[in-house]
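A short worksheet on the structure shown next.
We use all heavy atoms of the structure for the numbers below, so side chains are in, but hydrogens, waters and symmetry mates are not. Source: prediction; values computed, not measured.
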Amino acid sequence: MQLLDGKYVSEKLKIEIATEAAQILAETGRKPHLVAVLVGHDGGSETYVASKIKNCEAVGFKSTLVRYEGDVTEEELLKKVEELNADADIDGIIVQLPLPKHIDPEKVTEKIDYRKDVDGFHPVNLGRMQRNLPSFIPATPYGITLMLKEYNIETSGKHCVVVGRSNIVGSPMSILMARNTYPGNCTVTICHSRTPSIKDFTLQADILIVAIGKKNFITADMVKPGAVIIDVGMNRETSTVTKSGFKLFGDVDFENVAPKASWITPVPGGVGLMTIIGLLKNTLASAKKEVYK
């Protein structure tokens, strides 16, 4: 078993991103600019946004945080997104999910200018991704592909099983792994909460990508020996033994599954760090007008 080390890959790629950001600053006098919109005070969202801003600063990006209380109206939030769309200094816009129940996340996602949609959730970007056209790819799936590339994991002709069908991870991940590119060219099976006997499918996986949001859902008896295991799970539990007061667990029972795997991502230290890289790479591409001229 070998680790797919998100910390190593993310630090390496951040150096490359910082170099390109410095070149943009030298040539244009401006930094790539990411704006994050945060509504309310969800603990996980606060942590994620703080990490995104910290990483922007680390690679030489400009970052702006727009905060609203949880009672902000949908109309006011949509109006702010329109303002951000119109600001030529802004390269990327993210609205942190989840949003309060009175705000429709689909309306907000579709309001973001697809040319600044560095989260990759706009229907235009998802459609272009499906057709293998230049697009902003959802950050977590993008980060996973970058990790597979870094470790030269063979994907062509492999059977990839994706557990979870969310619009953020599972569905786009299944499309990426099936596309005629690298990483890709897999035969892909997508499983979810209504799939009977998921074990029958996971045991066939050469590459198993798990994003179902359930602690230790994948156990050793569900994994084929030698499989590549990508654990997207980030399940937080309170803990008295950590400084933060909580501990993270993946969707895979790492301790018992790892000995059967050829490669596996840890939690933490795996996919979560690569998600940030996907976001930074999308923002850099936006600043360089690589996707949309």
Side-chain angles (χ1 to χ4, degrees), residues 1-10 138-179 181-237 247-275 277-278:
M1 182 276 294
Q2 292 178 275
L3 278 184
L4 293 165
D5 187 346
K7 184 174 182 181
Y8 162 74
V9 180
S10 64
T140 298
Y142 189 14
I144 291 169
T145 65
L146 292 169
M147 179 180 278
L148 292 171
K149 275 185 184 177
E150 180 63 32
Y151 284 99
N152 295 309
I153 303 297
E154 182 60 58
T155 61
S156 182
K158 303 297 184 181
H159 187 183
C160 175
V161 176
V162 180
V163 182
R165 58 179 169 182
S166 74
N167 291 329
I168 295 173
V169 182
S171 292
M173 196 75 243
S174 67
I175 292 168
L176 289 170
M177 295 304 285
R179 292 194 314 180
T181 185
Y182 176 74
N185 282 310
C186 290
T187 298
V188 177
T189 300
I190 186 163
C191 302
H192 47 76
S193 59
R194 299 292 189 273
T195 303
S197 305
I198 284 182
K199 178 179 175 180
D200 293 344
F201 298 97
T202 60
L203 279 171
Q204 300 176 42
D206 301 307
I207 301 169
L208 181 60
I209 301 173
V210 191
I212 202 164
K214 294 182 180 179
K215 174 187 172 185
N216 294 345
F217 179 81
I218 297 295
T219 51
D221 63 320
M222 298 172 73
V223 175
K224 180 169 76 172
V228 176
I229 310 293
I230 309 292
D231 188 353
V232 187
M234 295 283 278
N235 306 288
R236 289 181 13 146
E237 290 189 0
K247 188 174 180 181
L248 289 176
F249 295 89
D251 291 349
V252 175
D253 178 8
F254 182 90
E255 185 177 342
N256 294 302
V257 169
K260 293 185 73 174
S262 57
W263 295 88
I264 189 169
T265 59
V267 176
V271 172
L273 294 170
M274 295 307 300
T275 296
I277 297 301

Review point. What is the distance from atom CG of Asp221 to atom CG of Leu203, rounded to the nearest 0.5 Å?
Key: 7.5 Å

Check your understanding: So, does Asn216 use its side chain to make a donor-acceptor pair with the main chain of Asp251 at under 3.5 Å?
Key -> no

Study note, to complete from the structure: Between Phe217 and the options Asn235, Asp253, Ile198, the side-chain contact (heavy atoms from CB on, under 4.5 Å) test singles out Ile198

Exercise for review: Output yes when a side-chain donor or acceptor of Ser166 lies under 3.5 Å from a complementary backbone atom of Val169, and no otherwise.
Suggested key: yes

Point to revise | Side chain to side chain, Pro266 and Leu3, heavy atoms closer than 4.5 Å | key: yes

**Study point:** Among Leu208, Ile144, Val252, Val210, the one residue meeting side-chain contact (heavy atoms from CB on, under 4.5 Å) with Ile230
**Key:** Ile144

Review point. Would the number of heavy atoms belonging to other residues, nucleotides or ligands and lying under 6.0 Å from CD of Glu255 be above 12?
Key: no

Practice item. Taking all heavy atoms of Ile190 and all of Gly170, pick out the closest pair and write down the distance. Key: CD1-O, 3.8 Å

Practice item. Show your reasoning for whether side chain to side chain contact (heavy atoms under 4.5 Å, CB included) applies to Ile264 and Phe254. Key: CA-CA 8 Å; Ile264 189 169; Phe254 182 90; 3.6 Å; yes

Review point. For the side chain of Ser262 and the backbone of Ala227, is there at least one donor-acceptor N/O pair under 3.5 Å apart?
Key: yes

Exercise for review: Over all heavy atoms of both residues, which pair between Leu248 and Arg236 is shortest? Give the atoms and the distance, please.
Suggested key: CD2-CG, 3.2 Å

Review point. Side chains of Met173 and Pro138: does their closest heavy-atom pair fall under 4.5 Å?
Key: no

Exercise for review: Return yes if some donor-acceptor pair links the side-chain N/O of Ser10 with the main-chain N/O of Met274 below 3.5 Å, else return no.
Suggested key: no

Exercise for review: Any pair with a residue in residues 145-178 that passes ring pair (Phe, Tyr, Trp, His ring centres under 6.0 Å), sequence neighbours left out, goes on the list, sorted by first then second residue, please.
Suggested key: Tyr151-Trp263

Point to revise | Distance-minimising heavy-atom pair for Thr265 and Asp231 | key: OG1-N, 2.8 Å

Check your understanding: Do you know the tightest heavy-atom contact between Glu150 and Tyr8?
Key -> OE2-OH, 3.8 Å

**Study point:** Lys158 (side chain) donor-acceptor with Ile207 (main chain) under 3.5 angstrom
**Key:** no

Point to revise | Steps toward side chain to side chain contact (heavy atoms under 4.5 Å, CB included) verdict (Leu148, Met177) | key: CA-CA 11 Å; Leu148 292 171; Met177 295 304 285; 4.0 Å; yes

Practice item. Tell me, please, which residues at least two apart from Thr202 pass side chain to side chain donor-acceptor pair (under 3.5 Å). Key: none

Practice item. Evaluate side chain to side chain contact (heavy atoms under 4.5 Å, CB included) for Ile153 paired with Leu4, printing each intermediate quantity in order. Key: CA-CA 10 Å; Ile153 303 297; Leu4 293 165; 4.2 Å; yes

Practice item. Would you name the heavy atoms of Gly6 and Met147 that are closest together and state the gap between them? Key: CA-CE, 3.5 Å

Exercise for review: Might you work through the side chain to side chain contact (heavy atoms under 4.5 Å, CB included) test for Cys160 and Ile209, ending with a clear yes or no?
Suggested key: CA-CA 7 Å; Cys160 175; Ile209 301 173; 3.8 Å; yes

